[in-house]
Protein chains: 2
Amino acid sequence: MGGLAREDYLADIYRLQAEHPEDPVSTGSVAVRRGVTAASATAMFKRLARDELIVYRNYSGVSLTQAGEELALGVVRRHRLVERFLADVLHIPWQQVDAYADQMEHALPDDVVDRMEALLENPYTCPHGYPIPDKHGRLTQPELMLLRDVPPGLAVRVARVNERVEGLLAYVAELGLMPGSLIRVTRRNNVDLNVTVEAGGREHILGLRVSEAIWVERASSPDEA
Amino acid sequence: MGGLAREDYLADIYRLQAEHPEDPVSTGSVAVRRGVTAASATAMFKRLARDELIVYRNYSGVSLTQAGEELALGVVRRHRLVERFLADVLHIPWQQVDAYADQMEHALPDDVVDRMEALLENPYTCPHGYPIPDKHGRLTQPELMLLRDVPPGLAVRVARVNERVEGLLAYVAELGLMPGSLIRVTRRNNVDLNVTVEAGGREHILGLRVSEAIWVERASSPDEA
DNA sequence: TAACGGATTTAGACACAACTAAACTTAGTT
DNA sequence: AACTAAGTTTAGTTGTGTCTAAATCCGTTA
Ligand SMILES: [Mn+2]
Ligand SMILES: [Mn+2]
Ligand SMILES: [Mn+2]
Ligand SMILES: [Mn+2]
């Protein structure tokens, strides 16, 4: 009854779709993300399509049906809430919570998830800044901007850090650029695309690989504490 | 890599062994406990024996090897600790925590379990009174007595309630006989074997089905707060 | 438009974990 | 000692989820 692998496929299809809203989700991209062969992904697509959780046409990738998206959002909700729980209640470093949550997300009864949410006082995002769907799968996406695109002089707040970029989370924590941090972009080099930011009194020069993995929002809300 | 069903079999074999230390654990008893057919249990026994987690001789039941017992104790530890967590931190009624823990026990990284243990301040038992193995699988069994066997007049403390007796947990909670409660046995009827206890100022007459599902300890430790 | 090459699917295999039905063992009873 | 009934194992099937190797498809390039 469980459907462990199923849930991971659905959630990964959801995330891939969210990352590239244009094109359909290809067999290869799912296989790479899941760490399985393309043949395995094809086989799973057939089962998911048979159960009407995805729409699948040979050689044309997949998309989630209504039912599939609902299941995917449930997994994503459990994942991000348990990440918050692990970070905030058990004080586990944010570099580790994604892997742990990947394991736990399939075994959490709804009741437990809902109570965790209440205990955490209904957080909006996971520790990396990704939004947490509510109990009904609803999701509010704030307007974010890539740090790469922030014009010099602007003060912004770090909102989200891509948790999948190798080594980034530890680096970001070290620099004091975690979600919530107030920073100011002081320079942008148009040749090598480096961005210089001032954070907590220190200046850091960030390469493109970092600046396009960090999202920020206008640091304007005065109703913040 | 998971080994979901495996873990449940090992833990159930462990618990059955603990409940009947005399005889070997039979195929049928495991099948009933697990809710599967005897044929399924036999098939699993072969895999577990192949991996040297149990000793299995046809028609003679099974016993855990060293390695098997270590794994089983790990599952039992996770189960009972997460029960404590669900009850104490999330305030889930103790009637429900066993079922939830059964689901969650396979998906909790050791690091998470250890931190939960610290958060809970190293509890000795699950909410039902069963001992929690430590990180190394060590386990201290206090000397307990069945409520059925307590002589009239003796004051005792409820130590453990069998979580598998249908409806018992809700009934026990209603009567105020949860682990930790101080009670006194006032009468024992030698014909119908009913036991009368006084708990929290009220008297209750308990049938055999209840009195042999509750363990107690001498209520003597004055170092109890 | 024909061929190439990368992506995808099919074919065939395997391990796990469950089932039903049939055969077998064992222990207790005539 | 043979019989029988309960318990157990075997045999055969199913569905999931993975793999490798071999076909197949399709967009681009010649
Ligand atoms: Mn997962
Ligand atoms: Mn996250
Ligand atoms: Mn379990
Ligand atoms: Mn318990």
Side-chain angles (χ1 to χ4, degrees), chain A residues 1-13 16-17 19-20 22-64 67-68 71-72 75 102-103 105-107, chain B residues 1-13 16-17 19-20 22-64 67-68 71-72 75 102-103 105-107:
Chain A
M1 279 269 164
L4 248 166
R6 260 175 154 57
E7 288 193 338
D8 274 329
Y9 275 93
L10 290 171
D12 278 336
I13 292 167
L16 286 165
Q17 185 71 261
E19 284 164 27
H20 300 284
E22 316 295 305
D23 22 50
V25 177
S26 70
T27 304
S29 64
V30 172
V32 167
R33 180 71 71 107
R34 287 271 57 246
V36 299
T37 63
S40 300
T42 299
M44 179 60 87
F45 286 174
K46 288 182 178 174
R47 287 188 293 268
L48 294 175
R50 180 202 43 179
D51 299 341
E52 298 181 87
L53 299 173
I54 62 173
V55 176
Y56 170 51
R57 288 269 304 157
N58 272 17
Y59 297 100
S60 314
V62 296
S63 60
L64 294 169
L71 282 186
V75 180
D102 228 335
Q103 218 179 115
E105 67 194 356
H106 312 288
Chain B
M1 278 270 165
L4 250 167
R6 263 173 149 58
E7 288 192 339
D8 274 329
Y9 274 92
L10 290 171
D12 278 336
I13 291 167
L16 286 165
Q17 186 69 261
E19 285 164 26
H20 300 283
E22 317 295 306
D23 21 52
V25 177
S26 70
T27 304
S29 64
V30 172
V32 167
R33 180 71 71 107
R34 286 275 52 247
V36 299
T37 63
S40 300
T42 299
M44 180 60 87
F45 287 173
K46 288 183 177 173
R47 288 187 294 268
L48 295 175
R50 181 203 46 185
D51 298 342
E52 297 180 89
L53 299 172
I54 63 174
V55 177
Y56 171 50
R57 287 271 303 159
N58 272 17
Y59 296 99
S60 314
V62 295
S63 60
L64 294 169
L71 282 185
V75 180
D102 228 334
Q103 214 179 117
E105 67 194 355
H106 313 287

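Naming convention: chains lettered A, B, ... in sequence-line order (proteins, then strands); numbering from 1 in each chain.
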So L71(B) and L53(B), side-chain contact (heavy atoms from CB on, under 4.5 Å) or not? Walk me through it. CA-CA 8 Å; L71(B) 282 185; L53(B) 299 172; 3.9 Å; yes

Extract, from 5' to 3' on DNA chain D, the first and final nucleotides lying under 4.0 angstrom from some heavy atom of chain B. dG7(D) to dT10(D)

Using a 4.0 Å heavy-atom cut-off across all strands, classify Y56(B) as base, sugar-phosphate, or nothing. sugar-phosphate

With a 4.5 Å heavy-atom cut-off, do D8(A) and E105(A) have their side chains touching? yes

Identified side chain to side chain contact (heavy atoms under 4.5 Å, CB included) partner of Q17(A) from the options L64(A), V62(A), V25(A): V25(A)

Verify the neighbour count for atom CD of E19(A): are there more than 12 heavy atoms of other residues, nucleotides or ligands below 6.0 Å? yes

Got a sec, which residues hit side-chain hydrogen bond (donor to acceptor under 3.5 Å, both in side chains) with R57(B), two or more places apart in sequence or on another chain? none

Report, one pair per line, the protein and nucleotides 24-29 of chain C atoms (nitrogen or oxygen only) whose separation is under 3.5 Å.
| from | atom 1 | to | atom 2 | distance (Å) |
| --- | --- | --- | --- | --- |
| dT25(C) | O4' | Y59(B) | OH | 3.4 |

What does T27(B) touch in the nucleic acid at a heavy-atom separation under 4.0 angstrom: a base, only the sugar-phosphate, or nothing? sugar-phosphate

Between atom CG in D23(A) and atom P in dA7(C), what is the gap in whole Å? 15 Å

If you look only at distance, which donor and acceptor atoms sit under 3.5 Å apart when one is on a side chain in residues 38-46 of chain A and the other is two or more places apart or in another chain?
| from | atom 1 | to | atom 2 | distance (Å) |
| --- | --- | --- | --- | --- |
| S40(A) | OG | T37(A) | OG1 | 3.0 |
| T42(A) | OG1 | A38(A) | O | 3.1 |

To the nearest 10 degrees, what angle separates the axes at the start and end of the helix from dT1(C)-dA30(D) to dT30(C)-dA1(D), five pairs each? 20°

N/O-N/O pairs, protein side and nucleotides 17-19 of chain C side, under 3.5 Å:
| from | atom 1 | to | atom 2 | distance (Å) |
| --- | --- | --- | --- | --- |
| dA17(C) | OP2 | R6(B) | NH1 | 3.4 |
| dA17(C) | OP2 | R47(B) | NE | 3.4 |
| dA18(C) | OP2 | Y9(B) | OH | 3.3 |
| dC19(C) | OP2 | T37(B) | N | 2.9 |
| dC19(C) | OP2 | T37(B) | OG1 | 3.1 |
| dC19(C) | OP2 | S40(B) | OG | 2.4 |

Pair V75(A)-L10(A), side-chain contact (heavy atoms from CB on, under 4.5 Å): steps then yes or no: CA-CA 8 Å; V75(A) 180; L10(A) 290 171; 5.8 Å; no

Quickly work out the R33(A) CZ to dA7(C) P distance and round it to whole Å. 17 Å

Please find the pair of heavy atoms, one from S26(B) and one from S29(B), that lie closest to each other, and give the distance. O-OG, 2.8 Å

Is any side-chain heavy atom of Y9(A) less than 4.5 Å from a side-chain heavy atom of V30(A)? yes

With rounding to the nearest 0.5 Å, note down the distance linking CG in D102(B) to CG in D12(B). 7.5 Å

Taking all heavy atoms of Y56(B) and all of A49(B), pick out the closest pair and write down the distance. CB-CB, 3.9 Å

